[in-house]
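Accompanying notes for the structure given below.
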Amino acid sequence: MSARRFEGKVMVVTGAAQGIGRGVALRAAAEGAKVLFVDRADFVSEVAAEAPGGETAAFMADLETYAGAAATMDFAARIFGRIDILINGVGGAIRMRPYAEFEPAQIDAEIRRSLMPTLYACHAVLPHMLAQGGGTIVNVSSNATRGIRRVPYSAAKGGVNAMTQSLAMEYGEHNIRVVAAAPGGTQAPARRVPRNAAGDSEQERVWMGEAVTQVTESTFFKRYGTLDEQIAPILFLASDDAGYITGTVLPVAGGDNG
């Protein structure tokens with residue numbers, strides 16, 4: 001495995017301002033990729049400026065809209081000339097609560113956050129990859145397709161898994177690989193922009209604690225994963241080392257496959 005395995009590759013990473021997406025984008029740049037850091041947080045440009053070497057750029061977009069996804073891919077193609085790899089990192093449960101306690105608007109918000117950005121970005125990048133004769137898409141899913149206190153999020157990530165497999169089957173003949181990593185619970189620094197901007201109530205914190213306990217106890221290691229333990233498999237799937245892997249959803253969750 002080369003330390004410069006993304007030399008000459010153009011990579012778009014969504015959700016690149018925080019968490020796993022940030023780590024993936026920075027590591028890819030260190031390994032030679034030309035990286036577009038994409039997020040709707042305005043500090044995404046600060047993160048892109050941290051990249052060790054390589055050519056990077058930042059782009060602000062709301063990927064919960066199709067217009068945001070299309071503008072992202074057009075910008076990447078315009079400044080870098082092509083898009084070899086797309087990492088779909090946008091997503092994350094907004095609330096934790098029993099399903100009966102979700103309000104209809106909250107259900108819609110979870111689907112918009114954790115399914116639609118991936119659905120839209122895959123659609124928007126395809127014309128570019130088809131025109132250049134191939135490419136790789138890595139979707140960041142979750143093992144939370146089986147879990148408590150986040151049924152709408154589970155449904156969204158189940159949709160990500162289904163589209164990964166269907167896209168891979170449909171576009172393999174065009175030399176486009178589509179794969180997914182399915183992280184489990186992951187230790188990460190506090191988010192600069194919280195997923196639930198309204199804040200969590202005391203009861204919601206109790207429900208969150210129940211989910212954390214379930215996630216931890218469901219792993220064979222009885223612990224959360226680290227950011228590095230999530231970043232490495234995602235970049236492996238994105239690399240030429242995984243060139244004969246497509247349609248696969250790789251659980252990265254300490255034995256809890258969701």
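- For an aromatic pair to be called close, the ring centres must be under 6.0 Å apart, and H174 with Y171 satisfies this.
- To the nearest 0.5 angstrom, F236 atom CZ is 4.0 Å from I245 atom CD1.
- Note on I111: it clusters hydrophobically with M163, by side-chain heavy-atom contacts below 4.5 Å among ILVMFWY residues.
- Looking at V13 and V35, their side chains come closer than 4.5 Å, going by heavy atoms from C-beta outward.
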TODO: Before giving the answer on side-chain contact (heavy atoms from CB on, under 4.5 Å), spell out for V193 and Q18 the whole-Å C-alpha distance, their side-chain angles and the decisive distance to 0.1 Å.
DONE: CA-CA 9 Å; V193 178; Q18 303 184 86; 3.8 Å; yes

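- Contact of the I83 side chain with the M73 side chain is registered, since non-hydrogen atoms from C-beta on lie closer than 4.5 Å.
- Separating the OH atom in Y224 from the CD atom in E229 is a distance of 14.0 Å, to the nearest 0.5 Å.
- The backbone N or O of L115 lies less than 3.5 Å from no partner atom in the side chain of K157, so there is not a single donor-acceptor pair.
- Counting all heavy atoms, side chain and backbone alike, A25 lies closest to F37 at CB-CE2, 3.3 Å.
- Formation of a donor-acceptor pair under 3.5 Å by the E103 side chain with backbone atoms of A105 is not found in this model.
- Looking at R177, its side chain does come within 3.5 Å of a backbone N or O of A242 through a donor-acceptor pair.
- Between E210 and R149, at least one side-chain N (NZ, or NE/NH1/NH2) sits under 4.0 Å from a carboxylate O, which counts as a salt bridge.
- A 4.5 Å side-chain heavy-atom check between L227 and P189 finds at least one atom pair inside the cut-off.
- In terms of hydrophobic clustering, with Ile, Leu, Val, Met, Phe, Trp and Tyr side chains grouped at heavy-atom distances under 4.5 Å, V215 and V252 are assigned to different clusters.
- Of the possible donor and acceptor atoms, one in the side chain of T186 sits under 3.5 Å from a partner among the backbone N and O of G184.
- Across all their heavy atoms, V12 and A76 have their closest contact at CG2-CB, 3.6 Å.
- Between R4 and A30, the closest heavy-atom pair is NH1-O, 3.1 Å.
- T164 and N139 form a side-chain donor-acceptor contact under 3.5 Å, judged by distance and modelled atom types alone.
- Between the side chain of T145 and the main chain of G258, no donor-acceptor pair closer than 3.5 Å is present.
- A donor-acceptor pair under 3.5 Å is absent between the side-chain atoms of Q132 and the main chain of R82, judged by distance alone.
- For the pair I20 and P183, the minimum side-chain heavy-atom distance is below 4.5 Å.
- For the pair R192 and F43, the cation-pi criterion (under 6.0 Å, within 45° of the ring axis) is fulfilled.
- Considering CG of L86 and CD1 of I137, their distance stands at 5.5 Å, rounded to 0.5 Å.
- T248 contributes no side-chain N or O that, together with a main-chain N or O of L250, makes up a donor-acceptor pair within less than 3.5 Å.
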Task: Derivation of the side-chain contact (heavy atoms from CB on, under 4.5 Å) call for M60 and D42 - done: CA-CA 7 Å; M60 282 184 62; D42 58 7; 3.8 Å; yes

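- Under a hydrophobic-cluster definition in which Ile, Leu, Val, Met, Phe, Trp and Tyr are linked whenever side-chain heavy atoms come within less than 4.5 Å, directly or via other members, I234 and L26 are assigned to the same cluster.
- Inspection of the Q214 and S218 side chains reveals an N or O donor paired with an N or O acceptor under 3.5 Å.
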TODO: Take R150 and R97 through the test side-chain contact (heavy atoms from CB on, under 4.5 Å) and record every step on the way to the result.
DONE: CA-CA 6 Å; R150 54 199 188 280; R97 52 176 55 195; over 6 Å; no

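- Contact check on K9 versus D240 returns a salt bridge, with a Lys/Arg side-chain nitrogen under 4.0 Å from an Asp/Glu carboxylate oxygen.
- No side-chain heavy atom of Q203 sits less than 4.5 Å from a side-chain heavy atom of E101.
- Here the side chains of P233 and L237 are not in contact, with every heavy-atom distance at 4.5 Å or above.
- G135 and M129 make their closest contact through CA-SD, 3.8 Å (heavy atoms, listed as atom of the first residue, atom of the second, distance).
- One finds the OG atom of S154 at 10.5 Å from the CD1 atom of I148 (value rounded to the nearest 0.5 Å).
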- [ ] Starting from the C-alpha separation in whole Å, work towards a yes-or-no answer on side-chain contact (heavy atoms from CB on, under 4.5 Å) for L126 and I176.
- [x] CA-CA 9 Å; L126 279 173; I176 296 174; 3.9 Å; yes

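- Panel note: side chain D84, backbone M11; no donor-acceptor pair is recorded below 3.5 Å.
- Using the six-membered ring where Trp is involved, Y120 and Y66 have ring planes that are perpendicular, over 60° apart on the 30 and 60° scheme.
- Linking ILVMFWY side-chain heavy atoms closer than 4.5 Å, directly or via other members, places L36 and V47 in two distinct hydrophobic clusters.
- Within the 3.5 Å criterion, the main-chain N or O of L167 finds no donor-acceptor partner in the side chain of E170.
- Shortest non-hydrogen contact noted between A61 and T72 is CB-OG1, 3.4 Å.
- A heavy-atom distance below 4.5 Å is not found between the side chains of F59 and V44.
- The minimum heavy-atom distance between A57 and I79, with the atom names listed, is CB-CD1, 3.6 Å.
- Using a distance-only test at 3.5 Å, with no hydrogens or angles considered, a donor-acceptor pair links the side chain of T14 to the main chain of G89.
- In the model, T219 has no side-chain atom that pairs as donor or acceptor with a side-chain atom of D256 under 3.5 Å.
- In this structure, the separation between CD1 on I85 and CG on L235 is 8.5 Å, given to the nearest 0.5 Å.
- With respect to R95 and E110, no salt bridge is recorded, no charged nitrogen being found less than 4.0 Å from a carboxylate O.
- Residue S114 holds its OG atom at 7.5 Å from CZ of R195, rounded to the nearest 0.5 Å.
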Task: Step-by-step salt bridge (charged side-chain N to carboxylate O under 4.0 Å, His left out) determination, R40 to E64 - done: CA-CA 10 Å; R40 64 183 178 187; E64 291 183 17; 3.5 Å; yes

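- Residues F75 and V90 are members of one and the same hydrophobic cluster, defined by side-chain heavy-atom contacts under 4.5 angstrom among Ile, Leu, Val, Met, Phe, Trp and Tyr.
- Under the 4.5 Å side-chain criterion, counting only non-hydrogen atoms from C-beta, I231 is in contact with D228.
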